[in-house]
Every structure is written in C-alpha cells, then in structure tokens.
*Asks:* 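What follows is a single structure, and I will ask about it in a moment.
Just so you know, ligand 1 is whichever comes first in the structure, and atom 1 is the first atom listed for that ligand.
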Amino acid sequence: MVQGRLVKTFWKDRGWLERATFFVNMFHGIIENRFFYCDTLTGECKMVEMERVEELKMLENDGNTRDTIVAIATPPGVGAIGIVRASGPHSWRILEECVRKDIGTERKVRYGNFYDSDGNIIDEVLFVGFKAPRSYTGEDMVEVYCHGGILVTQKILEEFIKKGARLARNGEFTRRAFLNGKIDLIKAEAILQIIEAKSEESLKLAIDNLKGKLSGEVSAIRKMLIDVLSKIEVTIDYGDDIEIPREEIVRDIENAVQFLSEKLAHADKGIHITTGVTLAIVGKPNVGKSTLLNRLLVEDRAIVTDIPGTTRDVIKGEIKIRGIHFVISDTAGIRETEDVVEKIGIERAIREASQADVVLFLLDATTGFTKEDEYILNIIKDSNFIAVWNKTDIGNKFSKVSKDGDDVYISASTGKGLRTLENKIIERARPLIEDGQLSHVTTRRQLEHLKIVYQHLKKALKSLSGGYPVDIVSIDIQNALSELDKLLGTNFTDDLLDNIFANFCVGK
Ligand SMILES: Nc1nc2c(c(=O)[nH]1)N(C=O)[C@@H](CNc1ccc(C(=O)N[C@@H](CCC(=O)O)C(=O)O)cc1)CN2
Ligand SMILES: Nc1nc2c(ncn2[C@@H]2O[C@H](COP(=O)(O)OP(=O)(O)OP(=O)(O)O)[C@@H](O)[C@H]2O)c(=O)[nH]1
Ligand SMILES: [K+]
Ligand SMILES: [Mg+2]
C-alpha cells in the first residue's frame with residue numbers, strides 16, 4: 001500500500017499499464033518526493049507526494065548499511081582527547097557492553113569506564129548515543145571520547161570490532177548520511193571541502209554548500225523541469241481538451257538556461273577558491289626554478305645543485321600569498337635532450353605549464369634571453385605567464401619578454417624582488433577568484449554535470465524555436481533531469497559514489 005498525499009490521477013482509460021510502466025521506468029518510480037504507481041484495484045496511475053524517509057526505504061542502497069561500522073575519528077598521534085565512533089544497528093549494544101552501563105537518554109553525554117573483553121579497564125571515558133534517524137548518518141550511532149593517544153583509541157576500536165562491528169571504509173559515515181537521505185552529493189563534497197579548506201574563502205563556500213546553497217538552486221531547477229515535463233505529459237494525454245502552454249514552457253526553459261549560463265560563467269572562481277590557484281615554474285635548466293620554489297615555500301623541498309637537469313619530476317607545494325591559496329609546482333628544466341628520464345620530465349613540465357592558471361617563466365640574468373628561452377616562450381606564449389628574471393644579484397643581461405613589458409626582476413638566492421613577484425602573482429590570480437559573483441560551483445564534477453544539463457536545455461529551446469511540437473523536447477528535459485540527478489546523487493551509480501567518497505579519510 002502506497003501512502004502519501006495524492007497529487008494527481010492519470011489515465012483511467014485502457015492502456016494505463018503500458019503508460020504507467022513507461023512512467024515508472026522513466027523516473028525510477030520516483031521524482032523529487034513524488035511517486036508514480038499503478039493502483040491495481042482501480043486501474044489508475046497515481047502520483048503521490050511522500051515523505052523522503054518513506055521514499056528512501058523503497059530505494060535500493062548498497063546493501064551495506066546493516067553492518068555496524070566503527071572508526072577512530074581523530075587524527076593519529078598524541079592528543080588530549082581521541083574520538084571513536086560507530087554507526088549501525090549494533091552500535092548501542094556494543095557500547096553498552098563495553099561501558100557496562102546503559103547509554104540512557106540519547107544525545108546526552110555520560111561518564112564511565114571502557115572495559116575490554118577480559119574485564120580490564122582500557123580507559124576512563126565519556127560517551128554518547130544517537131538514535132536513528134536523528135544522527136549524522138541517520139542510523140543509530142555512538143561516540144566514545146577517550147584519552148588521545150594511538151594505543152587507547154586503537155584498543156577501543158578493536159573492542160568494537162571484536163563485538164561485531166567492522167572497520168569503516170574511507171568516507172563511509174558520510175556515504176551513509178547520503179544513502180539515508182541526510183545529505184545530497186553536493187553537501188557530501190562540501191563536507192570534504194570543509195575538512196580540506198585552506199583559505200577563509202574556500203571554507204565559506206563549503207559551509208554555504210553544506211547549508212544547501214548550490215543544492216537548493218539545483219533542486220529548484222529540477223523541480224521546475226519536472227513541472228515542465230508534467231505539463232508536456234498532460235498535453236500528450238489530454239491534448240485535444242487542453243490548451244498547450246507553449247509560451248509558458250519556453251519561458252521556463254529559458255529561465256533555467258539563463259540561470260545555468262550564469263552558474264557556468266562563474267564556476268571557475270569557486271573551483272579556484274576551493275582547490276587553489278595553480279602556479280607552475282618553468283624555464284631552461286639551471287635558471288633557479290627549484291631555488292625559487294624553496295624560497296616561496298620557505299622550505300628545502302626541491303634539490304638544488306649547479307648541475308643543469310637536476311629536477312626530473314614535478315614537485316608540488318602549497319602556499320598562501322595574501323590569503324589566496326596556491327598550488328605551486330617546480331618542473332624539469334626544458335631543453336633538448338637524449339636522456340630518456342629527462343625527456344619524460346620535460347614532457348611533464350610542458351603539461352604542467354599548459355594546465356597552470358599562472359606560469360612563472362624563469363629567465364637567467366647572467367645569460368640573457370637565449371635560443372632555449374625562445375623555444376620555451378613558444379610553448380607558453382598563450383598562457384597566463386609572467387616573465388621573471390632571476391640571478392639579478394650576479395647578472396644584468398635583461399631584455400623585455402612579457403607581452404605587457406612587465407618583467408619582474410628577482411634573486412631567488414637572496415630574496416631580492418620577491419615582494420614585487422608576489423604582487424604580480426596576486427595581480428594575475430585575483431581575477432580568477434575575485435568574486436563579483438560566485439556561483440558556488442566548487443568541483444569539476446559539478447561543473448561537468450551542469451554543462452551537460454545546459455546543453456540538453458539549449459537543444460530543447462532550439463527545437464521549440466524551430467516550431468516543432470512541444471512533446472518533442474520531453475526527451476531533452478528527461479536527459480537534463482537525469483543529469484541533475486547525477487549531480488545531486490538522486491540517481492546514483494556505485495562508481496560515482498566510490499569516486500567521491502574515496503577522497504575522504506577513514507572515520508568521516
Ligand atoms: N562529536 C562530533 N562532532 C561533530 C560531528 C560528529 O559526528 N560528532 N560531525 C559530523 O561529522 C560534525 C557535525 N555534524 C553533524 C550533523 C548532524 C548531526 C545530527 O545528529 N543530526 C540529526 C539531528 C539534528 C538536530 O538536532 O536538529 C539529524 O539530522 O536528524 C550530528 C552532527 C562536526 N562535529
Ligand atoms: N647567484 C645566484 N644563484 C642562483 C640563483 N638562483 C639559483 N641559483 C643557483 O643556480 C644553480 C641552479 O639552481 P636550481 O635551483 O637548481 O636551478 P633549476 O632551474 O631548478 O635547475 P634544473 O632543475 O636543473 O632545471 C644553483 O647553483 C643555485 O644556487 C640566484 O638568484 N642567484
Ligand atoms: K640545477
Ligand atoms: Mg630544479
């Protein structure tokens with residue numbers, strides 16, 4: 001028996017079964033919180049609104065949510081307090097056995113001793129229990145606050161496992177929160193971003209999205225498209241009796257397209273803020289690239305020698321310059337070579353330069369602009385590069401290289417000119433992240449899905465303006481909707497989930 005508020009009854013006529021099957025297949029039975037089903041008593045296809053929890057009970061999950069999972073939630077090492085948490089049907093039972101007390105009222109912290117199976121006290125702890133669905137994962141959960149330290153947390157973890165829990169995989173708590181309808185995929189990504197945030201701006205974006213900024217906007221479009229689809233379906237069935245609201249449909253799709261094009265136009269900023277602006281140092285061998293990297297990182301990261309061809313691989317580090325987060329890479333000196341290893345390194349250097357948001361083209365003031373520099377300039381000329389003359393403490397053979405004539409003069413050894421260089425970097429990076437408008441798109445995944453939605457809707461608009469009948473765009477709208485579902489994770493695949501949650505740490 002399906003429960004919920006009846007929204008609409010379709011098709012009392014013959015043929016309802018075929019159509020209902022079509023509908024149910026098309027929408028996997030469920031759109032938003034609306035469920036389509038066939039009433040076998042009356043032969044009607046009905047649309048009802050249901051509680052999300054009810055709806056999710058009917059959705060498949062990965063079959064794993066019956067296990068009780070456990071993990072150490074705090075980072076390894078010595079700390080004042082360590083947290084072990086468990087989620088799943090046995091979590092309360094296991095903890096109560098270990099502390100030899102009732103957890104009592106949910107969400108209320110209690111004090112006790114944590115015992116191992118031999119009756120020895122492992123630690124003096126605080127603990128708390130959460131009852132489904134009012135918990136982070138939506139399942140029964142417990143947390144133990146013990147003394148920090150590798151051994152105590154490990155022993156408590158082992159005790160949970162001995163009593164029937166299993167070790168959680170990366171991101172599995174958050175995965176369950178998703179599967180239980182507590183959060184959508186955008187919010188799950190936001191949680192990862194909160195953990196990894198390295199600048200105030202990226203933290204703010206992530207918090208906004210955890211609190212539903214992008215999800216809300218995407219859901220609004222999704223709802224609107226579902227309405228459009230419903231209007232089209234109704235005109236297919238009752239076309240003879242019902243006026244086709246063609247203008248209304250066109251206007252709705254146009255609004256969605258307009259909204260999406262703004263999202264897409266400003267998406268790069270959110271991604272840059274979240275993942276950092278990439279900065280590649282390139283140049284011929286021995287110009288001082290590694291010396292500059294080390295100076296910028298204030299750390300001896302890369303090997304520096306006076307032998308050309310020292311750096312082979314790409315070496316990355318992260319820095320903050322005036323609040324902006326950069327991922328900076330030192331690369332192999334680019335030159336013609338027969339050395340196989342060096343060749344690969346040079347290919348990587350070129351790839352790094354082509355993908356970087358800003359390129360530092362390092363030049364040697366003791367040699368001046370050479371043929372090798374000419375060769376490199378050709379490779380990077382279309383990138384956002386800054387010409388940087390190094391070794392100005394011992395050389396003065398300069399020429400103008402930048403398009404804007406704004407070359408920078410430094411000494412990576414002495415630190416001379418570094419502030420000017422930083423200013424220049426900021427000048428180039430700022431437009432990439434500065435918000436006139438922020439779209440709250442923060443990952444490539446989100447961007448790619450939104451692009452596809454946009455393309456489907458553009459196609460629909462094109463058909464409509466070509467004068468085709470309205471129902472011809474129904475397939476485009478369905479495609480757009482299923483793409484939005486992928487974005488939110490409403491219509492997920494395991495691959496997609498694995499992809500996202502693999503980046504989490506155990507215990508999240
Ligand atoms: N000790 C501890 N701190 C933590 C977490 C945690 O799991 N444990 N969190 C997680 O990693 C974050 C907080 N996130 C949470 C989100 C939802 C719920 C929760 O119980 N939600 C219920 C009830 C909400 C309410 O009281 O209104 C719900 O959504 O139904 C708990 C934590 C950060 N700090
Ligand atoms: N005087 C002076 N020497 C420098 C400066 N920067 C680097 N050097 C020296 O130049 C040599 C090469 O420096 P590296 O940093 O290894 O140069 P690189 O560009 O990374 O070289 P490869 O990795 O081989 O391509 C080293 O002996 C450095 O000490 C500088 O600003 N002034
Ligand atoms: K070198
Ligand atoms: Mg080097």
*Asks:* With a cut-off of 2.8 Å, how many protein N, O or S atoms neighbour the Mg ion (ligand 4)?
*Replies:* 2
*Asks:* Any donor-acceptor pair under 3.5 Å linking the side-chain atoms of Asp373 with those of Thr370?
*Replies:* yes
*Asks:* Check whether more than 12 heavy atoms from other residues, nucleotides or ligands sit under 6.0 Å from atom CZ of Arg107, and answer yes or no.
*Replies:* yes
*Asks:* Heavy-atom contacts under 4.0 Å between Leu362 and ligand 2: side chain, backbone, both, or neither?
*Replies:* neither
*Asks:* Is Leu292 in contact with ligand 2, taking contact as a heavy-atom separation below 4.0 Å?
*Replies:* no
*Asks:* Closer than 4.0 Å to some heavy atom of Asp306 - which atoms of ligand 2 meet that?
*Replies:* 27 (O)
*Asks:* Consider salt bridge (charged side-chain N to carboxylate O under 4.0 Å, His left out). Of Lys182, Arg85, Arg175, Arg176, which one does Glu139 pass it with?
*Replies:* Arg176
*Asks:* At under 4.0 Å between heavy atoms, which part of Val304 makes contact with ligand 2: side chain, backbone, both or neither?
*Replies:* both
*Asks:* Out of Gly288, Ala302, Gly415, indicate the one that has the non-hydrogen atom closest to atom 17 (O) of ligand 2.
*Replies:* Gly288
*Asks:* Among protein heavy atoms, which lies nearest atom 14 (P) of ligand 2, and at what distance?
*Replies:* Thr291 OG1, 3.6 Å
*Asks:* Got more than 12 heavy atoms from elsewhere within 6.0 Å of CZ, Arg322?
*Replies:* yes
*Asks:* Residue-level breakdown please: for Ser413 versus ligand 2, do any non-hydrogen atoms fall below 4.0 Å on the side chain, on the backbone, on both, or on neither?
*Replies:* both
*Asks:* For the CD1 atom on Ile303, are there more than 12 heavy atoms of other groups (residues, nucleotides or ligands in this structure) within a distance under 6.0 Å?
*Replies:* no
*Asks:* State whether a side-chain donor-acceptor pair under 3.5 Å links Thr274 with Thr442.
*Replies:* no
*Asks:* Return the option from Asn286, Thr366, Ile281 holding the heavy atom at the smallest distance from atom 22 (P) of ligand 2.
*Replies:* Asn286
*Asks:* Quick one, Leu185 and Leu488 - any side-chain contact, counting heavy atoms below 4.5 Å?
*Replies:* no
*Asks:* Everything protein-side that's N, O or S and under 3.4 Å from the K ion (ligand 3): list it, residue and atom.
*Replies:* Asn286 OD1, Thr305 O, Ile307 O, Thr310 OG1
